[in-house]
There are 2 protein chains.
Amino acid sequence: MVDGEKKKRAPGRPRRLGPETIVAAARRIIDEEGVEAVSMRRVAREVGSTPMALYHHVRDKDELLLLTLAGTSTAVPRPALPADPRERMIAVAVHMHGLLKRMPWVLKVLALGDLTDPKALWMAEEIVQSALDSGLDEARAVRAYRTVWHFVYGDLVLTAARERRAADPDRRPSFPSALTGEDARELPRLTELAGRWEELQRYDVREQLTAIVDGLLGPARAARG
Amino acid sequence: MVDGEKKKRAPGRPRRLGPETIVAAARRIIDEEGVEAVSMRRVAREVGSTPMALYHHVRDKDELLLLTLAGTSTAVPRPALPADPRERMIAVAVHMHGLLKRMPWVLKVLALGDLTDPKALWMAEEIVQSALDSGLDEARAVRAYRTVWHFVYGDLVLTAARERRAADPDRRPSFPSALTGEDARELPRLTELAGRWEELQRYDVREQLTAIVDGLLGPARAARG
DNA sequence: ACCTGAACACCGTTCAAGT
DNA sequence: ACCTGAACACCGTTCAAGT
């Protein structure tokens with residue numbers, strides 16, 4: 001871990017920086033120290049160049065981060081999927097959730113854009129196809145995908161935020177413990193459940209995804225009779 | 001809009017900074033220029049003090065941002081709610097979505113923690129109560145709230161991200177248009193839908209929330225029937 | 001107790017200049 | 001075309017010192 005270390009260029013060959021080198025360096029920093037550690041200056045140092053040289057190969061920092069997403073979804077092997085379309089949809093959604101749970105930095109980058117890893121598109125394909133196989137029309141199938149994905153994303157971000165806060169003992173818990181007088185009177189149910197909130201809200205994400213999928217497939221079931 | 005302007009302290013009275021002044025200044029900056037414009041230095045300038053003085057009243061920047069959340073939910077009047085618990089649950093969820101859509105900066109702050117505005121808790125109360133009234137047990141009711149909220153959050157963040165990217169014409173669209181050869185073969189459905197993806201995915205959030213609520217209330221219906 | 005000034009260790013990006 | 005150096009306009013936070 002030498003600090004000021006510079007990569008030597010191969011003798012006789014002019015250095016060609018290229019986006020791949022830059023993206024690879026960014027990925028290395030992410031894997032070792034987290035997304036927060038990525039900066040144009042830091043990446044430049046890593047590839048033995050100057051911050052401004054990077055701007056010749058990527059338009060800005062957001063673009064660079066988005067480029068680091070490519071291939072990340074292959075970190076976890078693609079699972080065998082059940083044949084039944086409803087089961088299949090649930091399985092893919094659960095996989096998606098589990099995958100991103102293992103790489104929370106991806107969530108931060110995704111907030112800048114949207115899915116950009118072509119190797120991750122099979123999940124969208126499977127969900128849409130399963131929805132169609134379940135009898136939804138095209139529009140409903142695509143929207144079903146979107147709804148599942150938005151829940152997965154929100155669940156991961158907010159669960160992580162809650163865990164981060166819970167890990168810091170100095171911060172007072174925000175919700176819904178510590179409801180004071182007036183609030184308590186207007187919020188009888190939350191007040192009653194406050195003490196058990198933490199345990200009550202803990203959930204198996206598969207159960208929630210199953211509920212969502214069933215809700216989304218509802219119209220198909222209704223159409224079938 | 002004089003730049004270096006400093007607030008004069010009332011003559012004869014020593015300035016007492018206090019958290020309220022600081023939070024109010026932060027809110028003002030947010031309303032006028034967005035959360036991105038909030039910095040400890042900027043807030044300090046606004047209250048005519050030094051950055052470090054703030055640290056006597058708030059533990060750090062995250063805490064300050066979380067404090068600015070208080071009362072934001074009253075910006076939109078509390079709607080009349082239908083009596084039917086299922087309808088009520090949907091109505092509150094839709095309200096929650098609409099409320100936060102109007103103040104996207106809140107989403108950024110919420111990623112740091114969780115709901116911290118006591119004036120927003122009535123939405124949790126209503127959703128949990130409606131779920132109970134629909135026949136869910138306590139644990140399921142609380143989890144239903146969490147699921148609805150996580151979807152609302154994810155939907156708003158990702159929709160905003162997509163819109164931001166779409167507004168910038170220079171950035172190439174990411175998904176799922178521009179699928180190349182090999183990808184296309186493995187993703188027949190997405191390839192087929194690619195051209196219409198934008199229009200297909202557009203949705204009325206009430207419809208999706210209705211599906212989610214129906215899915216979550218499923219177990220109650222099963223128990224009743 | 002409350003506040004200040006200086007400092008530490010950073011940021012992303014623009015611009016003009018070099019090869 | 002590709003890269004550099006200097007500069008602009010910032011960050012959050014620590015620390016020692018002041019009143």
Side-chain angles (χ1 to χ4, degrees), chain A residues 1 3-4 6-10 12-23 25-26 29-30 32-68 108-109 111-113 164 168 170-171, chain B residues 1 3-4 6-10 12-23 25-26 29-30 32-68 108-109 111-113 164 168 170-171:
Chain A
M1 300 297 120
D3 204 15
K6 299 216 171 188
K7 300 285 179 306
K8 290 194 210 78
R9 54 172 121 169
R13 280 176 153 262
R15 176 169 58 239
R16 313 225 116 252
L17 202 43
E20 310 79 17
T21 326
I22 296 170
V23 172
I29 296 169
I30 288 172
E32 283 161 20
E33 299 165 59
V35 227
E36 305 77 17
V38 176
S39 75
M40 297 306 265
R41 295 168 128 100
R42 176 66 200 284
V43 172
R45 219 190 305 144
E46 210 81 4
V47 299
S49 181
T50 60
M52 285 319 298
L54 309 185
Y55 286 87
H56 265 270
H57 304 98
V58 296
R59 72 137 50 185
D60 57 19
K61 194 193 172 185
D62 282 8
E63 167 112 333
L64 171 55
L65 285 173
L66 252 4
L67 288 171
T68 62
K108 294 207 184 85
V109 179
L112 304 171
R164 224 178 307 118
D168 184 345
D170 298 354
R171 297 202 194 256
Chain B
M1 302 300 121
D3 204 15
K6 297 214 173 189
K7 300 286 178 306
K8 290 194 210 80
R9 54 172 122 170
R13 282 178 151 256
R15 176 170 57 237
R16 314 225 115 252
L17 203 43
E20 309 79 18
T21 325
I22 295 170
V23 172
I29 297 169
I30 288 171
E32 284 162 20
E33 299 165 58
V35 228
E36 306 76 18
V38 176
S39 74
M40 298 305 265
R41 294 167 128 101
R42 176 66 200 284
V43 172
R45 219 190 304 143
E46 210 81 3
V47 299
S49 181
T50 60
M52 285 319 298
L54 309 186
Y55 287 87
H56 265 271
H57 304 98
V58 295
R59 71 139 49 184
D60 58 18
K61 196 193 172 186
D62 282 8
E63 167 113 332
L64 171 55
L65 285 173
L66 253 2
L67 287 172
T68 62
K108 293 206 184 86
V109 179
L112 304 170
R164 224 178 307 117
D168 184 346
D170 297 355
R171 297 201 195 258

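Chain identifiers are assigned alphabetically (A, B, ...) following the order of the sequence lines, protein sequences preceding nucleic acid strands; residue numbering begins at 1 within each chain.
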Residues which pass side-chain contact (heavy atoms from CB on, under 4.5 Å) with [X], listed by chain and number, not counting sequence neighbours:
X: R42(B); result: I29(B), E33(B), A37(B), S39(B), R45(B), E46(B)
X: R164(B); result: A160(B), A161(B)
X: P19(B); result: H57(B)

Specify the closest pair of heavy atoms between [X] and [Y], including all atoms of both residues, with the distance to one decimal.
X: P51(B); Y: A44(B); answer: N-CB, 3.4 Å
X: V109(B); Y: L66(B); answer: CG1-CD1, 3.5 Å
X: V43(B); Y: A25(B); answer: CG1-CB, 4.2 Å
X: D60(A); Y: M40(A); answer: C-CE, 4.3 Å

Separation of atom CG in L17(B) from atom P in dC2(C), rounded to whole Å: 10 Å
Rounded P spacing from dC10(C) to dA9(D) in Å: 23 Å
Dot-bracket, 5' to 3', for DNA chain C please: Watson-Crick or G-U pairs under 3.5 Å, [ ] where pairs cross earlier ones, | where the partner sits on another strand, dots elsewhere. ||.|||||...|||||.||
Taking only side-chain N and O atoms of [X], does any of them lie within less than 4.0 angstrom of OP1 or OP2 on [N]?
X: H56(B); N: dT4(C); answer: no
X: H57(B); N: dA1(C); answer: no
X: S49(B); N: dT4(C); answer: yes

Classify every nucleotide of nucleotides 7-17 of chain C by which part a protein heavy atom approaches to under 4.0 Å, writing B for the base, S for the sugar-phosphate alone and - for neither, in 5'-to-3' order. B---BBBBB--
Who passes side-chain hydrogen bond (donor to acceptor under 3.5 Å, both in side chains) against E36(B), sequence neighbours left out? K108(B)
